[in-house]
Structures are given as C-alpha cells and as structure tokens.
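The first residue of the sequence shown is numbered 1, and numbering continues consecutively from there.
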Amino acid sequence: MEEDGINIRELRQDEANEARDIVVSGLKRQIVTYRSALKFFFRRIGWVIMGLCLVGFYLLTSSLRLLSWQQCLFVSVVLATVFRIHVCLGVVYSKFREYINSEAELQDLYPWYKDGGKFWVAVFRGKAIGTVALRRTSETVAELKWMSVRPTYRRQGLATLMLKHFEEYCRSVGIERIFLVTSEFQPEAKCLFQKCGFTITKNFENRSIRFEKSI
C-alpha cells in the first residue's frame, strides 16, 4: 500500500531492532507522563508518604528560621507535592520497564511474526516511521498489537492509514473480528481506536482496556 510516499510493507529481519525502538519509544511517550503519575499520586499510600515528606520539609525549613510558620508550611506543601509527583513518575517508569522486559516478543520481534502473524512497518523515504502487528487467535479473530508512530510523524493520519491497511488485510483472509488491549495510561490510543469504530468490551483491574471491532 502506498499513499503520499508512504509504503506499508512487512517487517524485514534487519529492521527488527529499529521497529522495537519505535514501539518502545511510543509506549514510553504515552505511559511515562505526569498524567500517569497523578493516577498513583491519589492512592492512599501516596497521602501517607506525602504527609511524612510534609513533616520533614516543615522541620527543615523552620529550622532555618528565615520564614514565618505560615510561609514554612506553604513551602513545605509545595516541596512535598513536587517530591511526591516525581516519586510517582519513578514508579510509573519502573512499571513501564518491568512490562517491556516481560514481553518476550519485544526482545526480538521478527521470529514471533515470521510464521502465522504479520508485522508491518510504514516506510517513508527509506525510513521506518510506524509499526503495527497482527496475531491471529482463531480463523476469524485477530489481535492488533504494537501500533506506534515516530513522534515527528504523529497527528498526520499515519496511524489511521496503518489501521486501514490492517483491516483490509484482515478482510482478505477471512478475519471478521479484531481486538486489542491498551491501558488508561494511553489516552491518545484510546481516542484513536474509539474514533475508528472500536468499542470498549472490558476494563481490567490493572487499568488495561480491551477494545473490539467487527469488520
């Protein structure tokens, strides 16, 4: 498939590492954010830790005897909040790395999709700029995986183009239903799939979301 100089074709073995970098960097960009950190910020344990930080910062600032107790309290609240948010961001990053390392496919994408599955790259001027993969789970059902676009090429319709290619292939081989799993930490992905006709069929306790679409 070619459109506006973009060619969507199957992954070559020598492109596996480049494709992995696109997938991982795309996931990191969506997941490791301050928005994600705030989801952890409001958990009960977060308030306990912030309270301890607040006390510590207050004792520190008041010991300097440069501010009134009201000013010390204000500064302590600000410092404790900033500290807590960055601790939460560290937790998000740690969980992200744990997920990446636990996904065997991401260690070497090519063998996983050589037989039975499909892994496509979107190429523009000889450079891979996007990825999307298919894992067939039955004769009529397939899972969409690893859709990602390089930052420079986002918001230009490339993801929609790759999804169109994905669906056309599915129809050509008799696949009638496709599904995918994303998370609450990927708001851009959620918006894209809902815009393209997917519906949420299940919310998991780990904040993952399953989308499905009949084609």
Following the transitive rule for hydrophobic clusters with a side-chain heavy-atom cut-off under 4.5 Å over Ile, Leu, Val, Met, Phe, Trp and Tyr, establish whether Y99 and V92 coincide in one cluster. yes
I31 side chain near Q186 side chain, heavy-atom distance below 4.5 Å: yes
Has the side chain of S148 got a donor or acceptor atom that lies under 3.5 Å from a matching backbone atom of I22? yes
If every non-hydrogen atom of L89 is compared with every non-hydrogen atom of A37, which pair is closest and at what distance? N-CB, 3.7 Å
Straight-line distance of L106 CG to W112 CH2, nearest 0.5 Å: 10.0 Å
Intermediate values then yes/no, side-chain hydrogen bond (donor to acceptor under 3.5 Å, both in side chains), Y113 and E10: CA-CA 10 Å; Y113 294 91; E10 290 189 39; over 6 Å; no
Measure the CD-OG distance between E176 and S138 for me, rounded to the nearest 0.5 Å. 9.0 Å
Tell me, yes or no, whether the heavy-atom count around F204 atom CZ, taken from other residues, nucleotides or ligands under 6.0 Å, exceeds 12. yes
For E105 and R135: C-alpha separation, side-chain torsions, deciding distance, then whether salt bridge (Lys or Arg N to Asp or Glu O under 4.0 Å) applies. CA-CA 11 Å; E105 291 181 29; R135 183 177 70 89; 5.1 Å; no
Is the ring pair F124/Y153 parallel, tilted or perpendicular, if the boundaries are 30 and 60 degrees? perpendicular
Less than 4.5 Å apart, any side-chain heavy atom of Y110 and any of E15? no
Testing the basics here: between A159 and M147, what is the closest heavy-atom pair and its distance to 0.1 Å? O-CE, 3.7 Å
Are F193 and I215 connected, step by step, through hydrophobic side chains (Ile, Leu, Val, Met, Phe, Trp, Tyr) whose heavy atoms are closer than 4.5 Å? yes
Can you tell me if R154 uses its side chain to pair, donor with acceptor, with the backbone of V149 under 3.5 Å? yes
Around N17, counting heavy atoms of other residues, nucleotides and ligands shown, do more than 12 lie under 6.0 Å from its CG? no
Is the backbone of V23 close enough, under 3.5 Å, to the side chain of R20 for a donor and an acceptor to pair up by distance? no
Can you measure from CG (L163) to NZ (K213) and round to the nearest 0.5 angstrom? 6.0 Å
Do L79 and S76 come close enough that some side-chain heavy atom pair is under 4.5 Å? no
Give a yes or no on this: more than 12 heavy atoms of other residues, nucleotides or ligands lie within 6.0 Å of atom CZ of R125. no
Quick one: which of R150, R12, K127 gives a salt bridge (charged side-chain N to carboxylate O under 4.0 Å, His left out) with E18? R150
Closest heavy-atom contact between E143 and F166? O-CZ, 4.0 Å
Decide whether L59 and F74 are clustered together by the hydrophobic rule: side chain heavy atoms of Ile, Leu, Val, Met, Phe, Trp, Tyr closer than 4.5 Å, transitively. no
Distance-only, no hydrogens or angles: does the H86 side chain make a donor-acceptor pair with backbone N or O of V82 under 3.5 Å? yes
Would you say L38 ends up clustered with V77 if hydrophobic residues are merged whenever their side chains have heavy atoms under 4.5 Å apart, either directly or through other cluster members? no
Roughly how far apart are T182 OG1 and L192 CG, rounded to 0.5 Å? 10.0 Å
Hey, what do you get for CZ (R177) to CD1 (I175), rounding to the nearest 0.5 Å? 11.0 Å
Is V32 reachable from V24 through a run of I, L, V, M, F, W or Y residues, each pair having side-chain heavy atoms under 4.5 Å apart? yes
Near Y58 OH, under 6.0 Å, is it more than 12 heavy atoms from other residues, nucleotides or ligands? yes
Rounded to the nearest 0.5 Å, the CG atom of L144 sits from the CZ atom of F198 at a distance of 6.0 Å
Tell me every residue that passes ring pair (Phe, Tyr, Trp, His ring centres under 6.0 Å) with F57, counting only those two or more places apart in sequence or in another chain. none
Within-4.5 Å side-chain heavy-atom neighbours: E212 and V141: no
Tell me whether the count of non-hydrogen atoms from other residues, nucleotides or ligands lying under 6.0 Å of CD in Q70 goes above 12. yes
Ring geometry between W120 and Y169 (parallel below 30°, tilted from 30 to 60°, perpendicular above 60°): perpendicular
